[in-house]
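Some notes on the structure that comes next.
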Number of protein chains: 2
Amino acid sequence: MAELTSNSLSTGRPAEAPDRAPTIKDVAERAGVATSTVSRALSNPDRVNRVTRERIQQVAAELNYIPSSQARSLSSGRTLAIAVLVPDVTNPFYFDIIRGTQHQLKAAGYTQLLVDTEESSEMEQDTLSKMRRSVDGYILAASRLTDAQLAEAAGSQAIVTINRASANAPTVVIDTPGAVVQALEHLTSLGHSKICYVSGPPTSWSNAKRWKTFEEESRERGIITSRVGPFAPKTTSGAAAADAAARTGATACIVFNDLLAIGMLQRLRERGIRVPEDMSIVGCDDIFGADFCNPPLTTIASPIEQAGRVAVSMLLSQLNPLQGATNRRLAVMPTHLTVRSSTGPAPL
Amino acid sequence: MAELTSNSLSTGRPAEAPDRAPTIKDVAERAGVATSTVSRALSNPDRVNRVTRERIQQVAAELNYIPSSQARSLSSGRTLAIAVLVPDVTNPFYFDIIRGTQHQLKAAGYTQLLVDTEESSEMEQDTLSKMRRSVDGYILAASRLTDAQLAEAAGSQAIVTINRASANAPTVVIDTPGAVVQALEHLTSLGHSKICYVSGPPTSWSNAKRWKTFEEESRERGIITSRVGPFAPKTTSGAAAADAAARTGATACIVFNDLLAIGMLQRLRERGIRVPEDMSIVGCDDIFGADFCNPPLTTIASPIEQAGRVAVSMLLSQLNPLQGATNRRLAVMPTHLTVRSSTGPAPL
DNA sequence: CAATTTTTGGCAATCGCTTGCCGAACGTGT
DNA sequence: ACACGTTCGGCAAGCGATTGCCAAAAATTG
């Protein structure tokens, strides 16, 4: 990088463009070809003779030429950027999704635009419309949109959702039913028969899904269910959640997510309700912190980072329909119950 | 959004552009003016008559016109995008920085490009050069660059660093010396006289800074110091760190960051070393989880989100030098010691 | 009311790159 | 050698904005 100034000096005449970033034109001139040839050599290598191509590539490298993504997308129509919308960047659940998408996008030469929609469907919609010109597609993690909104959006742009099934867009979800069943069996085998579901945000699809499965499966097993909430998916909502759950007389709770569960843990301890002796707690997501909270949380784990990666590949295959690719519309990530210390035998 | 199709129908003739996003030209035609006027009406309102401007704005709204950021930046030279580079998106320490920058950038009409540099200075450099055409500036959180690299980069582009002082770029740092002094006083007042510093990554500026202050201040107070490490700033490195620290015979540790400290907590518990009875631990950063780990961590807290915000405003004022703005080159965020349960009286 | 200044809006060049189209050069089969 | 199919590289027209320059219109002034 540093040597290229000296490099242009070595051409004989002083460097023409002292500082300004080199453009395709600079490369073309220096290589003695037209800009169109440079363009092709760089982005459509087969279209140009090998020796020409190599010369151009060499010159480009010497000049440290980097094509302007703006100019490129202006003329080509593709931006090579994908927006990833998450309800809350500080929620650890999304960390791994973000990392997963980031990895996969970068590998494919795309840029990731991360947007925090602050749990607001308005903001989500707004972003969707404001960014439509600047990205090729969207990944919506835990979208708060209604079905209708989602359908409309998916009609005009490439979208993949995570943890939000929809008939209109490809989706990657985690296997909630399977997960709930595992949790339920774990709890019943420990002797619990009165179990409470601690509900997350009303606009959350996965919350609805979890509750539904929980209720159905519980009925089948003759478990007495109750439900409290909704609560915001934050540790700070845990106190209220814990109090509400304690009142129901349940001996175990399945909690919408780990954030809430961890908050509950703290509150229960304050109130002298022992976990798991008096009350068992099962969380969801196995987020950062679930393993070192007190007590460590039994929780439903899932390969979240992979979910992000899968979402990206689904989106990209939607954007660049390859030959033999069977466009998957749905991916279900497996789950497993990670048992730690927040669950134990039911009190007598 | 939905009404605009019907809107164009109501003009009498069928909608001209059925689907394609409306361009400035569409707006111009519909409003009966030239594109240049539309451009001005929208981004330089004083340059155009009030009634014309309002008509244009109305038409733009009807059409749901959104200017193409690519086209805009091609001609104007500004991208209205800022890249934020962090060493590890899944490190909770950066969450709040990210959220802070995101907020502030959005408020100023900028787009945030988040990049995970994976603790690698090569990747950081690479990003810096690859993105130079697509962003107006960079925020480097905990940069791993050398001084020389940083200086070079800062020479050709707008940069603000966080937690990395540099003569060449404006910086926001947290008040490490103050923090270390607080921690030290806390520990000495509890009777500790042999304290170990648990070191983070060798390329981390704040690590170096913390160690330096620790050593100096300890010397003044007659404390016997030791140092172990370096360790990667992850909970998984905590085990090795704990073992190493235990060997030193120190009764208290000041740990590079909370991630590492939390990992140590787990290991110490496994080994039956009680915290704080046998060993006191002080972390840094007060990240998510520091309050609910076991035992809750005494740590040095700092307004991280605000650091992100400040960094953004420093960067923006660098980009758009306002009139009376005294361009600050350095912002120091205050710190305070949050005492929880991981520190206690020194063993006899 | 003429002269001058200020507003206001349009023209057209430009930003850097992609791509459809075309012609030159180069093989090939007969 | 001739007609024909390929390959390769250049020309030039955009992509959708911004902006310097200019002229028409309006406002101000003496």
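Comparing B:L74 and B:V38, the nucleotide of DNA chain C nearest to each residue sits closer to the 5' end for B:V38.
Base engagement by A:R40 is indicated by at least one non-hydrogen atom pair under 4.0 Å involving a base atom. At a threshold of 4.0 angstrom between heavy atoms, the contacts of A:S68 are confined to the sugar-phosphate backbone, with no base atom among them. If you check every strand for non-hydrogen atoms under 4.0 Å, A:T52 touches sugar and phosphate atoms only. In this structure, A:A71 reaches the bases: a heavy-atom distance under 4.0 Å links it to at least one base atom across the strands shown. Note on B:T23: only backbone sugar-phosphate atoms sit closer than 4.0 angstrom, heavy atoms only; bases stay farther off. The residue A:S39 sits close to a base: some heavy atom pair falls under 4.0 Å.
Atom CZ of A:R78 has 12 or fewer neighbouring heavy atoms from other residues, nucleotides or ligands inside a 6.0 Å radius.
At least one side-chain nitrogen or oxygen of A:T37 sits closer than 4.0 Å to the OP1 or OP2 atom of D:dG10.
A:T161 and A:T171 are linked by a side-chain donor-acceptor pair at a separation below 3.5 angstrom, with hydrogens and angles left out of the test.
As rounded to whole Å, 12 Å separates atom P of D:dG10 from atom CD1 of A:I24. Across the protein-nucleic acid pair, B:K25 atom NZ and D:dT18 atom P stand 16 Å apart, rounded to whole Å. Atoms CZ (B:R78) and C1' (D:dG16) sit 15 Å apart, rounded to a whole Å. Note: CD1 (B:I56) to C1' (D:dA17) measures 14 Å, nearest angstrom.
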Fill in: Worked check of side-chain contact (heavy atoms from CB on, under 4.5 Å) between B:L319 and B:I82
CA-CA 11 Å; B:L319 291 175; B:I82 298 292; 3.9 Å; yes
Discussion item. side-chain contact (heavy atoms from CB on, under 4.5 Å), that's the test. Do A:V172 and A:L330 meet it? Break it down for me.
Written reply: CA-CA 6 Å; A:V172 11; A:L330 179 67; over 6 Å; no
Worksheet item: For B:Q70 and A:T79, what are the C-alpha separation, side-chain angles and deciding distance, and is it a side chain to side chain donor-acceptor pair (under 3.5 Å)?
Response: CA-CA 9 Å; B:Q70 355 279 126; A:T79 62; 5.6 Å; no
Worksheet entry | Evaluation steps, side-chain contact (heavy atoms from CB on, under 4.5 Å), between B:Y110 and B:D136 | CA-CA 10 Å; B:Y110 278 74; B:D136 294 342; 3.7 Å; yes
When the side chains of residues 306-314 of chain A are checked against the rest of the protein, which donor-acceptor pairs come out under 3.5 Å, sequence neighbours left out?
residue : atom : partner : partner atom : Å
A:R309  : NH1  : A:E305  : OE2          : 3.1
A:S313  : OG   : A:R309  : O            : 3.2
A:S313  : OG   : A:V310  : O            : 3.0

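A:R164 has a carboxylate O that lies under 4.0 Å from a charged side-chain N of A:D147, or vice versa, which qualifies the two as a salt bridge. B:E54 has a carboxylate O that lies under 4.0 Å from a charged side-chain N of B:R50, or vice versa, which qualifies the two as a salt bridge.
Applying a 4.0 Å cut-off to non-hydrogen atoms, the residues of residues 42-51 of chain B that approach DNA chain C are B:R47, B:V48, B:N49, listed by residue number.
Summary of helix geometry: the two end axes of the helix from C:dC1-D:dG30 to C:dT30-D:dA1, each defined by five base pairs via their C1' atoms, are inclined to each other by 30° (rounded to 10°).
Remark: of the listed residues B:E118, B:E124, B:E122, B:E119, B:E119 is the sole one forming a side chain to side chain donor-acceptor pair (under 3.5 Å) with B:R144.
Taking 4.0 Å as the cutoff to heavy atoms of chain A, we find the contact window on DNA chain C bounded by C:dG16 to C:dC21.
Residues meeting the side chain to side chain donor-acceptor pair (under 3.5 Å) test with B:K106, sequence neighbours left out: none. For A:R40, the side-chain contact (heavy atoms from CB on, under 4.5 Å) test picks out A:S36, A:R47, with sequence neighbours left out.
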